[in-house]
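Each chain gets a letter, A, B and so on, in the order the sequences are listed, and its residues count up from 1. Since the structure is predicted, the reported quantities are computational estimates derived from the model, not experimental observations.
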Amino acid sequence: MDKFVIKQWKNSENHKSERCEIKWQMEKDLVNSGDEGAESPRKKLKSDTGGGAATEPLPLLAEQEAVRGAEYSWRRIRAEGLDCDYTKLFTKSEADEIFVQLEKELEYFSGDLTKVLVFGKWHDIPRKQVTYGDLGLTYTYSGVTLAPKPWLPVLEKIRDRVTQVTGHMFNFVLINRYKDGSDHIGEHRDDEKELEPRSPIASVSFGACRDFIFRHGDSRGKCATHRLEPVKLLLGHGSLLLMKYPTNVHWYHSLPARRKVLAPRVNLTFRKVLPPPKN
DNA sequence: AACGTCGCACTTCT
DNA sequence: CAGAAGTGCGACGT
């Protein structure tokens with residue numbers, strides 16, 4: 001399966017580095033991404049000694065324990081107004097297979113749907129994007145309205161696993177593909193008005209392991225009113241990050257550039273989108 | 001607010 | 001240890 005993944009990747013159009021380097025990185029990413037947990041292994045990342053800190057070692061949450069027994073171990077990520085749970089959703093071999101299938105079957109948006117409107121200016125987004133979900137829903141984001149394509153079996157499989165493990169149902173998924181470490185997404189909150197209020201968002205990742213950073217809204221800028229440390233996670237191959245209310249009220253999140261990452265990552269954020277208002 | 005890019009200061013790597 | 005590379009984050013835009 002690894003060979004298949006690597007072959008698949010070598011046929012991809014987006015890279016400038018040596019093939020052997022890419023192959024090596026891909027192997028490394030896939031090997032490393034299986035069990036890294038939510039906390040960065042890098043020493044510079046603060047452990048929970050300090051102020052707004054974040055992570056405790058793996059207690060199981062009662063309701064999920066009832067559903068899945070000890071099969072999934074969860075890491076709670078907590079800070080003031082931040083409430084997330086992280087677990088490995090798929091085994092490495094399951095995740096490898098799904099990743100190959102996603103790379104083969106997903107059809108990303110092109111043309112106008114690859115741009116966002118900010119301050120009256122159109123920008124190409126530094127990633128690829130597509131939405132799938134129940135037909136009739138729409139999702140509007142920075143000047144672009146995205147209509148979902150119909151569910152694919154592989155997406156239903158992921159969605160159903162998320163439901164099984166979290167007890168939450170989702171009718172929509174926004175998919176972002178980061179071709180390498182230069183692709184990224186800036187700080188934002190998922191506060192679109194067509195999201196069901198207080199519903200959690202389930203973020204499932206495949207491929208390269210990437211840093212993921214939360215910053216408290218009031219800690220940003222020159223006149224910050226709070227001084228909360230950013231909360232930094234690593235999102236690994238086959239992982240699930242469940243972002244629960246009220247995380248998205250006060251915390252911004254981003255996937256920063258990581259120039260040394262050479263392999264692609266595909267991220268799926270499952271959401272509960274309200275049906276369009278009747279007119 | 002938006003959410004991207006840019007520039008600069010700082011840190012980490014080699 | 002010094003220069004290069006990588007990162008964090010505020011400023012800016014319409």
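Note on A:Leu117: nothing from the nucleic acid sits closer than 4.0 angstrom, heavy atoms only.
Between A:His168 and A:Phe170, the ring-plane angle classifies as tilted under the 30° and 60° cut-offs.
Atoms CZ (A:Arg210) and C1' (C:dG6) sit 13 Å apart, rounded to a whole Å. Atom CD in A:Glu187 sits roughly 13 Å away from atom C1' in B:dA1 (whole-Å rounding). In this structure, CZ of A:Arg259 is placed 17 Å from P of B:dC13, rounded to the nearest angstrom. Put simply, CD1 on A:Ile213 is 9 Å from C1' on C:dT7, counting in whole angstrom units. In this structure, A:Asn248 places its CG atom 12 Å from P of B:dA2, rounding to the nearest Å. Rounded to an integer number of Å, the gap from CD1 of A:Ile125 to C1' of B:dA2 is 15 Å. The separation between A:Leu228 atom CG and C:dG8 atom C1' is 17 Å, rounded to whole Å. C:dG8 atom P lies 7 Å from atom CG of A:Asp211, rounded to whole Å.
Residues A:Thr140 and A:Thr145 have side chains that bring a donor and an acceptor to within less than 3.5 angstrom of each other. Under the 3.5 Å distance criterion, with hydrogens and angles disregarded, no donor-acceptor pair is assigned to the side chains of A:Tyr108 and A:Gln129. A:Asp112 and A:Trp122 form no side-chain donor-acceptor contact under 3.5 Å, judged by distance and modelled atom types alone.
The existence of a salt bridge linking A:Arg258 and A:Asp211 is confirmed by a sub-4.0 Å separation between a basic side-chain nitrogen and an acidic carboxylate oxygen.
Between A:His184 and B:dG4 there is no side-chain N or O to OP1 or OP2 distance below 4.0 Å. The phosphate of C:dC9 (OP1 or OP2) has no side-chain N or O of A:Tyr252 nearer than 4.0 angstrom. Regarding contacts with the backbone of B:dG4, a side-chain N or O of A:Arg127 is found under 4.0 angstrom from either OP1 or OP2. A:Tyr141 has a side-chain polar atom (N or O) that falls below the 4.0 Å cut-off from OP1 or OP2 of B:dG4.
The side chain of A:Arg189 sits closest to B:dA2 out of B:dT5, C:dG8, B:dA2. Distance from the side chain of A:Lys260 is smallest for C:dT7 among the nucleotides B:dA2, C:dC9, C:dT7.
The number of heavy atoms from other shown groups lying within 6.0 Å of CZ (A:Arg189) is above 12.
Aromatic ring centres of A:Phe212 and A:His253: separated by under 6.0 Å. Between A:Phe172 and A:Tyr139, the gap from one ring centroid to the other is short of 6.0 Å.
Closest approach of A:Leu235 and A:Ser205 over heavy atoms only: CB-OG, 3.8 Å.
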Is there any protein nitrogen or oxygen under 3.5 Å from a nitrogen or oxygen in nucleotides 12-14 of chain C, and what are the pairs?
| unit_1 | atom_1 | unit_2 | atom_2 | d |
| --- | --- | --- | --- | --- |
| C:dT14 | O4' | A:Phe119 | O | 2.3 |

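Between the side chain of A:Asn171 and the main chain of A:Val273, a donor-acceptor pair closer than 3.5 Å is present.
Within residues 214-223 of chain A, the residues that place at least one heavy atom under 4.0 Å from DNA chain C are, in residue-number order, A:Arg215, A:Gly221, A:Lys222.
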